[in-house]
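As C-alpha coordinates, the structure follows; a few thoughts come after it.
Keep in mind the model is a prediction, meaning the values are calculated, not measured.
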There are 2 protein chains.
Amino acid sequence: MPDAIRALKSPPSGKDTLAEPPTYDLIELFFFAYRDFVSDPDRILDEYGFGRAHHRVLHFVSRNPGLTIAELLDILRITKQSLNRVLKELIEKNFIESRTGTADRRQRLLHATAKGHELALKLATLQTCRITRALSEMEPEAKDMVSRYLLRLIDPSDSAHVKHLVFGSEET
Amino acid sequence: MPDAIRALKSPPSGKDTLAEPPTYDLIELFFFAYRDFVSDPDRILDEYGFGRAHHRVLHFVSRNPGLTIAELLDILRITKQSLNRVLKELIEKNFIESRTGTADRRQRLLHATAKGHELALKLATLQTCRITRALSEMEPEAKDMVSRYLLRLIDPSDSAHVKHLVFGSEET
DNA sequence: ATGATATGTCAGTCTTGTTGACATATCTCA
DNA sequence: TGAGATATGTCAACAAGACTGACATATCAT
(Lines give C-alpha, C1' and ligand atoms only; values in the text may rest on other atoms or scores of the structure.)
Protein backbone atom coordinates (compact mmCIF):
# COMPACT_ATOMS: atom_id res chain seq x y z
CA MET A 1 0.00 0.00 0.00
CA PRO A 2 1.42 3.38 -1.01
CA ASP A 3 2.21 5.86 1.75
CA ALA A 4 -0.24 8.38 0.41
CA ILE A 5 -3.13 5.98 0.89
CA ARG A 6 -2.14 4.70 4.28
CA ALA A 7 -1.68 8.29 5.45
CA LEU A 8 -5.34 9.00 4.78
CA LYS A 9 -6.52 6.16 6.93
CA SER A 10 -4.57 6.82 10.10
CA PRO A 11 -2.99 10.01 11.42
CA PRO A 12 0.73 10.14 10.72
CA SER A 13 1.54 11.45 14.18
CA GLY A 14 -0.29 11.07 17.46
CA LYS A 15 -2.18 14.32 16.86
CA ASP A 16 -5.78 14.58 15.71
CA THR A 17 -4.88 16.58 12.65
CA LEU A 18 -5.80 15.29 9.21
CA ALA A 19 -3.23 13.20 7.43
CA GLU A 20 -3.39 15.23 4.24
CA PRO A 21 -5.33 18.29 3.22
CA PRO A 22 -8.00 17.52 0.61
CA THR A 23 -6.92 17.99 -3.00
CA TYR A 24 -9.29 20.91 -3.48
CA ASP A 25 -7.63 21.95 -6.72
CA LEU A 26 -8.25 18.69 -8.55
CA ILE A 27 -11.74 18.35 -7.05
CA GLU A 28 -12.82 21.80 -8.19
CA LEU A 29 -11.08 21.79 -11.55
CA PHE A 30 -12.81 18.50 -12.33
CA PHE A 31 -16.16 20.13 -11.62
CA PHE A 32 -15.49 23.20 -13.77
CA ALA A 33 -13.97 21.21 -16.61
CA TYR A 34 -16.91 18.80 -16.73
CA ARG A 35 -19.37 21.68 -16.53
CA ASP A 36 -17.92 23.26 -19.66
CA PHE A 37 -17.18 19.97 -21.40
CA VAL A 38 -20.84 18.97 -21.57
CA SER A 39 -22.06 22.45 -22.40
CA ASP A 40 -20.86 22.37 -26.03
CA PRO A 41 -23.06 19.45 -27.11
CA ASP A 42 -26.02 20.82 -25.15
CA ARG A 43 -26.50 23.68 -27.61
CA ILE A 44 -26.61 21.35 -30.62
CA LEU A 45 -28.84 18.83 -28.89
CA ASP A 46 -31.38 21.55 -28.17
CA GLU A 47 -31.94 22.00 -31.90
CA TYR A 48 -32.99 18.37 -32.15
CA GLY A 49 -35.16 18.43 -29.03
CA PHE A 50 -32.72 16.11 -27.30
CA GLY A 51 -31.00 16.30 -23.92
CA ARG A 52 -27.85 14.92 -22.37
CA ALA A 53 -29.46 11.55 -21.80
CA HIS A 54 -30.04 11.20 -25.54
CA HIS A 55 -26.44 12.17 -26.18
CA ARG A 56 -25.05 9.48 -23.92
CA VAL A 57 -27.23 6.79 -25.48
CA LEU A 58 -26.49 7.85 -29.03
CA HIS A 59 -22.77 8.11 -28.33
CA PHE A 60 -22.34 4.61 -26.96
CA VAL A 61 -24.60 3.01 -29.55
CA SER A 62 -22.78 4.79 -32.35
CA ARG A 63 -19.44 3.70 -30.97
CA ASN A 64 -20.53 0.11 -30.27
CA PRO A 65 -22.73 -1.18 -33.08
CA GLY A 66 -24.83 -4.11 -31.96
CA LEU A 67 -24.83 -3.04 -28.32
CA THR A 68 -27.59 -4.72 -26.30
CA ILE A 69 -29.98 -3.07 -23.86
CA ALA A 70 -28.37 -4.85 -20.92
CA GLU A 71 -24.89 -3.66 -21.88
CA LEU A 72 -26.11 -0.11 -22.34
CA LEU A 73 -27.78 -0.17 -18.93
CA ASP A 74 -24.52 -1.31 -17.39
CA ILE A 75 -22.61 1.53 -19.04
CA LEU A 76 -25.05 4.26 -18.13
CA ARG A 77 -26.02 2.93 -14.69
CA ILE A 78 -29.64 3.97 -15.01
CA THR A 79 -32.86 1.97 -14.90
CA LYS A 80 -34.36 0.38 -17.97
CA GLN A 81 -37.39 2.67 -17.62
CA SER A 82 -35.18 5.76 -17.85
CA LEU A 83 -33.27 4.33 -20.76
CA ASN A 84 -36.40 3.26 -22.58
CA ARG A 85 -37.86 6.74 -22.58
CA VAL A 86 -34.94 8.34 -24.40
CA LEU A 87 -34.14 5.29 -26.52
CA LYS A 88 -37.71 5.20 -27.81
CA GLU A 89 -37.41 8.82 -28.94
CA LEU A 90 -34.10 8.15 -30.67
CA ILE A 91 -35.63 5.20 -32.51
CA GLU A 92 -38.81 7.09 -33.45
CA LYS A 93 -36.79 9.98 -34.82
CA ASN A 94 -34.67 7.51 -36.77
CA PHE A 95 -31.29 8.07 -35.12
CA ILE A 96 -31.04 4.52 -33.81
CA GLU A 97 -32.49 1.24 -34.96
CA SER A 98 -33.20 -1.84 -32.91
CA ARG A 99 -32.72 -5.24 -34.51
CA THR A 100 -33.75 -8.54 -33.01
CA GLY A 101 -30.69 -10.60 -32.04
CA THR A 102 -29.75 -13.49 -34.29
CA ALA A 103 -28.09 -15.79 -31.78
CA ASP A 104 -30.51 -14.84 -28.99
CA ARG A 105 -33.79 -13.53 -30.30
CA ARG A 106 -34.67 -12.00 -26.91
CA GLN A 107 -31.96 -9.43 -27.32
CA ARG A 108 -32.21 -6.14 -29.17
CA LEU A 109 -29.08 -5.17 -31.02
CA LEU A 110 -28.82 -1.40 -31.28
CA HIS A 111 -27.31 0.35 -34.27
CA ALA A 112 -27.01 4.02 -35.13
CA THR A 113 -28.52 4.98 -38.49
CA ALA A 114 -26.56 7.14 -40.92
CA LYS A 115 -28.34 10.14 -39.42
CA GLY A 116 -27.43 8.92 -35.94
CA HIS A 117 -23.78 8.43 -36.75
CA GLU A 118 -23.69 11.88 -38.28
CA LEU A 119 -25.03 13.58 -35.15
CA ALA A 120 -22.83 11.50 -32.86
CA LEU A 121 -19.79 12.48 -34.88
CA LYS A 122 -20.76 16.14 -34.84
CA LEU A 123 -20.99 16.10 -31.05
CA ALA A 124 -17.78 14.10 -30.58
CA THR A 125 -15.98 16.50 -32.88
CA LEU A 126 -17.09 19.46 -30.78
CA GLN A 127 -15.70 17.84 -27.67
CA THR A 128 -12.56 16.81 -29.51
CA CYS A 129 -11.93 20.45 -30.39
CA ARG A 130 -11.99 21.36 -26.71
CA ILE A 131 -9.69 18.48 -25.80
CA THR A 132 -7.30 19.24 -28.64
CA ARG A 133 -7.09 22.85 -27.60
CA ALA A 134 -6.37 21.80 -24.01
CA LEU A 135 -3.62 19.41 -25.09
CA SER A 136 -2.02 21.78 -27.59
CA GLU A 137 1.10 23.37 -26.17
CA MET A 138 1.25 20.71 -23.46
CA GLU A 139 3.95 18.07 -23.20
CA PRO A 140 3.47 15.23 -25.71
CA GLU A 141 3.11 12.73 -22.86
CA ALA A 142 0.22 14.74 -21.39
CA LYS A 143 -2.48 12.88 -23.29
CA ASP A 144 -1.31 9.48 -22.15
CA MET A 145 -0.92 10.66 -18.59
CA VAL A 146 -4.39 12.20 -18.43
CA SER A 147 -5.82 9.05 -19.95
CA ARG A 148 -4.17 6.87 -17.33
CA TYR A 149 -5.28 9.22 -14.54
CA LEU A 150 -8.93 9.13 -15.63
CA LEU A 151 -8.86 5.35 -15.94
CA ARG A 152 -7.47 5.03 -12.42
CA LEU A 153 -10.18 7.33 -11.10
CA ILE A 154 -12.81 4.78 -12.13
CA ASP A 155 -13.97 2.15 -9.63
CA PRO A 156 -11.38 -0.64 -9.81
CA SER A 157 -14.21 -3.16 -10.09
CA ASP A 158 -15.27 -1.52 -13.34
CA SER A 159 -11.97 -0.40 -14.82
CA ALA A 160 -11.29 -3.58 -16.80
CA HIS A 161 -14.71 -3.33 -18.38
CA VAL A 162 -14.21 0.34 -19.23
CA LYS A 163 -10.75 -0.32 -20.59
CA HIS A 164 -12.14 -2.94 -22.91
CA LEU A 165 -15.00 -0.69 -23.97
CA VAL A 166 -12.79 2.32 -24.66
CA PHE A 167 -9.61 0.80 -26.03
CA GLY A 168 -10.67 -2.74 -26.57
CA SER A 169 -10.68 -4.95 -29.56
CA GLU A 170 -13.56 -3.84 -31.76
CA GLU A 171 -15.91 -6.63 -30.66
CA THR A 172 -18.87 -5.67 -28.49
CA MET B 1 -2.78 28.85 -33.98
CA PRO B 2 -1.38 25.38 -33.28
CA ASP B 3 -1.45 22.85 -36.09
CA ALA B 4 -3.67 20.51 -34.14
CA ILE B 5 -6.43 23.12 -33.97
CA ARG B 6 -6.18 24.30 -37.53
CA ALA B 7 -6.25 20.69 -38.67
CA LEU B 8 -9.73 20.28 -37.17
CA LYS B 9 -11.13 23.20 -39.09
CA SER B 10 -9.99 22.36 -42.60
CA PRO B 11 -9.04 19.04 -44.20
CA PRO B 12 -5.29 18.52 -44.46
CA SER B 13 -5.48 17.18 -47.99
CA GLY B 14 -7.96 17.84 -50.76
CA LYS B 15 -10.02 14.83 -49.71
CA ASP B 16 -13.28 14.97 -47.81
CA THR B 17 -11.94 12.84 -44.98
CA LEU B 18 -11.98 14.18 -41.44
CA ALA B 19 -8.89 16.02 -40.30
CA GLU B 20 -8.48 14.00 -37.12
CA PRO B 21 -10.47 11.16 -35.61
CA PRO B 22 -12.33 12.20 -32.45
CA THR B 23 -10.50 11.54 -29.20
CA TYR B 24 -13.01 8.92 -28.13
CA ASP B 25 -10.76 7.63 -25.37
CA LEU B 26 -10.54 10.92 -23.47
CA ILE B 27 -14.22 11.68 -24.10
CA GLU B 28 -15.40 8.36 -22.71
CA LEU B 29 -12.91 8.13 -19.86
CA PHE B 30 -14.01 11.58 -18.75
CA PHE B 31 -17.60 10.37 -18.61
CA PHE B 32 -16.81 7.21 -16.64
CA ALA B 33 -14.42 8.96 -14.26
CA TYR B 34 -16.91 11.70 -13.47
CA ARG B 35 -19.70 9.15 -13.01
CA ASP B 36 -17.73 7.35 -10.32
CA PHE B 37 -16.18 10.49 -8.85
CA VAL B 38 -19.56 11.92 -7.81
CA SER B 39 -20.94 8.59 -6.65
CA ASP B 40 -18.89 8.48 -3.43
CA PRO B 41 -20.43 11.61 -1.87
CA ASP B 42 -23.91 10.59 -3.01
CA ARG B 43 -24.10 7.79 -0.46
CA ILE B 44 -23.24 10.10 2.45
CA LEU B 45 -25.52 12.87 1.23
CA ASP B 46 -28.44 10.45 1.20
CA GLU B 47 -28.15 10.06 4.96
CA TYR B 48 -28.68 13.79 5.37
CA GLY B 49 -31.52 14.00 2.86
CA PHE B 50 -29.31 16.01 0.54
CA GLY B 51 -28.46 15.61 -3.14
CA ARG B 52 -25.66 16.64 -5.44
CA ALA B 53 -26.98 20.15 -5.70
CA HIS B 54 -26.60 20.58 -1.94
CA HIS B 55 -23.08 19.20 -2.14
CA ARG B 56 -21.98 21.73 -4.72
CA VAL B 57 -23.41 24.65 -2.78
CA LEU B 58 -21.99 23.49 0.54
CA HIS B 59 -18.59 22.82 -1.01
CA PHE B 60 -18.11 26.25 -2.51
CA VAL B 61 -19.51 28.09 0.48
CA SER B 62 -17.29 26.11 2.83
CA ARG B 63 -14.27 26.82 0.67
CA ASN B 64 -15.09 30.52 0.17
CA PRO B 65 -16.42 32.05 3.37
CA GLY B 66 -18.39 35.20 2.71
CA LEU B 67 -19.37 34.12 -0.81
CA THR B 68 -22.31 36.10 -2.18
CA ILE B 69 -25.37 34.71 -3.96
CA ALA B 70 -24.31 36.31 -7.24
CA GLU B 71 -20.85 34.76 -7.08
CA LEU B 72 -22.31 31.37 -6.26
CA LEU B 73 -24.71 31.62 -9.19
CA ASP B 74 -21.79 32.40 -11.46
CA ILE B 75 -19.87 29.35 -10.25
CA LEU B 76 -22.74 26.90 -10.50
CA ARG B 77 -24.33 28.36 -13.65
CA ILE B 78 -27.86 27.72 -12.47
CA THR B 79 -30.78 30.07 -11.88
CA LYS B 80 -31.37 31.79 -8.57
CA GLN B 81 -34.63 29.86 -8.19
CA SER B 82 -32.78 26.55 -8.42
CA LEU B 83 -30.11 27.74 -6.04
CA ASN B 84 -32.59 29.14 -3.57
CA ARG B 85 -34.37 25.85 -3.13
CA VAL B 86 -31.29 23.95 -1.98
CA LEU B 87 -29.69 26.89 -0.18
CA LYS B 88 -32.82 27.37 1.90
CA GLU B 89 -32.66 23.76 3.04
CA LEU B 90 -28.97 24.03 3.92
CA ILE B 91 -29.70 27.14 5.99
CA GLU B 92 -32.77 25.62 7.69
CA LYS B 93 -30.80 22.52 8.64
CA ASN B 94 -28.02 24.72 9.96
CA PHE B 95 -25.22 23.80 7.57
CA ILE B 96 -24.91 27.31 6.16
CA GLU B 97 -25.68 30.72 7.54
CA SER B 98 -26.50 33.85 5.61
CA ARG B 99 -25.32 37.19 6.98
CA THR B 100 -26.31 40.58 5.65
CA GLY B 101 -23.37 42.27 3.94
CA THR B 102 -21.62 45.04 5.85
CA ALA B 103 -20.31 47.12 2.96
CA ASP B 104 -23.39 46.45 0.83
CA ARG B 105 -26.42 45.52 2.91
CA ARG B 106 -28.23 44.12 -0.13
CA GLN B 107 -25.80 41.24 -0.32
CA ARG B 108 -25.98 38.01 1.65
CA LEU B 109 -22.61 36.70 2.74
CA LEU B 110 -22.71 32.93 3.02
CA HIS B 111 -20.74 31.02 5.62
CA ALA B 112 -20.64 27.34 6.49
CA THR B 113 -21.39 26.54 10.12
CA ALA B 114 -19.16 24.16 12.09
CA LYS B 115 -21.57 21.39 11.13
CA GLY B 116 -21.38 22.52 7.51
CA HIS B 117 -17.59 22.59 7.40
CA GLU B 118 -17.52 19.16 8.96
CA LEU B 119 -19.75 17.62 6.30
CA ALA B 120 -17.95 19.45 3.49
CA LEU B 121 -14.63 18.13 4.75
CA LYS B 122 -15.99 14.59 5.03
CA LEU B 123 -17.11 14.69 1.40
CA ALA B 124 -13.91 16.31 0.14
CA THR B 125 -11.89 13.70 1.99
CA LEU B 126 -13.80 10.91 0.28
CA GLN B 127 -13.02 12.38 -3.12
CA THR B 128 -9.43 13.01 -2.10
CA CYS B 129 -9.05 9.31 -1.35
CA ARG B 130 -10.10 8.45 -4.88
CA ILE B 131 -7.77 11.05 -6.37
CA THR B 132 -4.87 9.97 -4.19
CA ARG B 133 -5.34 6.39 -5.19
CA ALA B 134 -5.39 7.38 -8.85
CA LEU B 135 -2.20 9.41 -8.51
CA SER B 136 -0.32 6.85 -6.44
CA GLU B 137 2.16 4.92 -8.54
CA MET B 138 1.94 7.57 -11.24
CA GLU B 139 4.78 9.88 -12.19
CA PRO B 140 5.28 12.71 -9.67
CA GLU B 141 4.53 15.28 -12.37
CA ALA B 142 1.16 13.67 -13.10
CA LYS B 143 -0.78 15.79 -10.63
CA ASP B 144 0.47 19.05 -12.05
CA MET B 145 -0.12 17.88 -15.60
CA VAL B 146 -3.68 16.77 -14.90
CA SER B 147 -4.34 20.04 -13.14
CA ARG B 148 -3.13 22.05 -16.12
CA TYR B 149 -5.13 19.89 -18.51
CA LEU B 150 -8.36 20.38 -16.59
CA LEU B 151 -7.79 24.12 -16.36
CA ARG B 152 -7.23 24.31 -20.11
CA LEU B 153 -10.43 22.36 -20.72
CA ILE B 154 -12.43 25.19 -19.14
CA ASP B 155 -13.86 27.98 -21.31
CA PRO B 156 -10.98 30.44 -21.82
CA SER B 157 -13.33 33.28 -20.91
CA ASP B 158 -13.77 31.73 -17.47
CA SER B 159 -10.37 30.22 -16.81
CA ALA B 160 -8.88 33.27 -15.09
CA HIS B 161 -11.84 33.39 -12.73
CA VAL B 162 -11.58 29.68 -11.98
CA LYS B 163 -7.83 29.92 -11.49
CA HIS B 164 -8.35 32.66 -8.94
CA LEU B 165 -11.11 30.73 -7.21
CA VAL B 166 -9.17 27.48 -7.02
CA PHE B 167 -5.60 28.60 -6.44
CA GLY B 168 -6.10 32.25 -5.74
CA SER B 169 -5.14 34.39 -2.83
CA GLU B 170 -7.54 33.55 -0.03
CA GLU B 171 -9.78 36.60 -0.56
CA THR B 172 -13.24 36.05 -1.97
C1' DA C 1 -36.03 61.02 -5.35
C1' DT C 2 -35.19 57.73 -9.10
C1' DG C 3 -33.42 54.09 -11.34
C1' DA C 4 -30.32 50.18 -10.94
C1' DT C 5 -28.92 46.20 -8.29
C1' DA C 6 -29.10 42.02 -5.05
C1' DT C 7 -31.97 39.00 -3.40
C1' DG C 8 -36.38 36.36 -2.40
C1' DT C 9 -40.49 34.06 -3.85
C1' DC C 10 -44.64 32.11 -6.32
C1' DA C 11 -46.27 29.19 -9.91
C1' DG C 12 -45.78 26.19 -13.60
C1' DT C 13 -42.99 23.20 -16.71
C1' DC C 14 -39.33 19.96 -18.39
C1' DT C 15 -35.76 16.37 -18.21
C1' DT C 16 -34.08 12.68 -16.18
C1' DG C 17 -33.72 9.89 -12.69
C1' DT C 18 -36.35 6.56 -9.24
C1' DT C 19 -39.62 2.35 -7.55
C1' DG C 20 -42.98 -1.26 -8.19
C1' DA C 21 -45.77 -4.12 -10.83
C1' DC C 22 -46.74 -6.72 -14.64
C1' DA C 23 -46.56 -8.57 -19.75
C1' DT C 24 -44.29 -10.96 -23.53
C1' DA C 25 -41.04 -13.50 -25.98
C1' DT C 26 -37.37 -16.51 -25.88
C1' DC C 27 -33.91 -19.45 -24.05
C1' DT C 28 -32.15 -23.28 -21.05
C1' DC C 29 -32.31 -27.30 -18.79
C1' DA C 30 -34.21 -31.23 -16.46
C1' DT D 1 -42.03 -31.16 -23.47
C1' DG D 2 -42.65 -28.21 -19.71
C1' DA D 3 -40.85 -25.02 -16.06
C1' DG D 4 -38.26 -21.55 -14.70
C1' DA D 5 -34.86 -18.08 -15.89
C1' DT D 6 -33.72 -14.22 -18.79
C1' DA D 7 -34.17 -9.97 -21.94
C1' DT D 8 -36.96 -6.64 -22.91
C1' DG D 9 -41.17 -3.48 -22.90
C1' DT D 10 -44.58 -0.79 -20.55
C1' DC D 11 -47.74 1.53 -17.17
C1' DA D 12 -48.12 4.57 -13.28
C1' DA D 13 -46.54 7.42 -9.72
C1' DC D 14 -43.05 10.10 -7.82
C1' DA D 15 -38.71 13.07 -6.80
C1' DA D 16 -34.65 15.92 -7.75
C1' DG D 17 -33.07 19.54 -9.97
C1' DA D 18 -33.03 22.26 -13.70
C1' DC D 19 -35.91 25.96 -16.39
C1' DT D 20 -39.07 30.42 -17.47
C1' DG D 21 -41.71 34.40 -16.25
C1' DA D 22 -43.48 37.54 -13.14
C1' DC D 23 -43.32 40.25 -9.25
C1' DA D 24 -41.77 42.02 -4.42
C1' DT D 25 -38.45 44.10 -1.29
C1' DA D 26 -34.47 46.25 0.34
C1' DT D 27 -30.62 48.85 -0.61
C1' DC D 28 -27.33 51.45 -3.27
C1' DA D 29 -25.80 55.12 -6.41
C1' DT D 30 -26.39 59.34 -8.79
Test of ring centre spacing under 6.0 Å for A/Phe95 and A/Phe50: yes
Proximity of B/Phe30 and B/Tyr149 rings by center, below 6.0 Å: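 For B/Phe30 and B/Tyr149, the ring centres are not under 6.0 Å apart.
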Residue closer to the 5' end of DNA chain C, A/Arg108 versus B/Gln107 (nearest nucleotide):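 This one resolves to B/Gln107.
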Residue whose closest nucleotide on DNA chain C lies nearer the 5' end, A/Val86 versus A/Arg105: A/Val86
Given C/dT18, C/dT16, D/dA18, the nucleotide with the shortest approach to the side chain of A/Ser82: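 Output: C/dT18.
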Per A/Ala70 side chain, nearest of listed nucleotides C/dT7, C/dT9, D/dT8: D/dT8
Face-on cation placement of A/Arg63 at B/Tyr24 ring, 6.0 Å and 45° thresholds: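 Output yes; distance and angle both within limits.
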Under 3.5 Å donor-acceptor pair, [X] side-chain atoms to [N] base atoms:
| X | N | result |
| --- | --- | --- |
| B/Arg106 | C/dT5 | yes |
| B/Arg52 | D/dA18 | no |
| A/Lys80 | D/dG9 | yes |
| B/Gln81 | D/dG17 | no |

Just how far, in rounded Å, is [atom2] of [N] from [atom1] of [X]?
| X | N | atom1 | atom2 | answer |
| --- | --- | --- | --- | --- |
| B/Phe50 | D/dA15 | CZ | P | 18 Å |
| A/Ile78 | C/dT19 | CD1 | P | 12 Å |
| A/Arg35 | D/dA18 | CZ | P | 13 Å |
| B/Leu109 | C/dT7 | CG | C1' | 12 Å |
| A/His55 | C/dG17 | NE2 | P | 14 Å |
| A/Leu83 | C/dT16 | CG | C1' | 12 Å |
| B/Asp46 | D/dA16 | CG | P | 10 Å |
| B/Asn84 | D/dG17 | CG | P | 14 Å |

CG-CG distance between B/Asn84 and B/Leu73, expressed to the nearest 0.5 angstrom: 9.0 Å
Residue from B/Arg152, B/Lys163, B/Arg77 passing salt bridge (charged side-chain N to carboxylate O under 4.0 Å, His left out) with B/Asp158: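 When salt bridge (charged side-chain N to carboxylate O under 4.0 Å, His left out) is applied between B/Asp158 and each of B/Arg152, B/Lys163, B/Arg77, only B/Arg77 qualifies.
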Side-chain N or O of A/His54 closer than 4.0 Å to phosphate OP1/OP2 of C/dT16: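 Looking at the OP1 and OP2 atoms of C/dT16, one of them is under 4.0 Å from a side-chain N or O of A/His54.
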B/Thr79 vs D/dA18: side-chain N/O to OP1/OP2 distance below 4.0 Å: no
Along DNA chain D (nearest heavy atom to each residue), the more 5'-positioned of A/Arg85 and A/Asp104: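 Final value for this comparison: A/Asp104.
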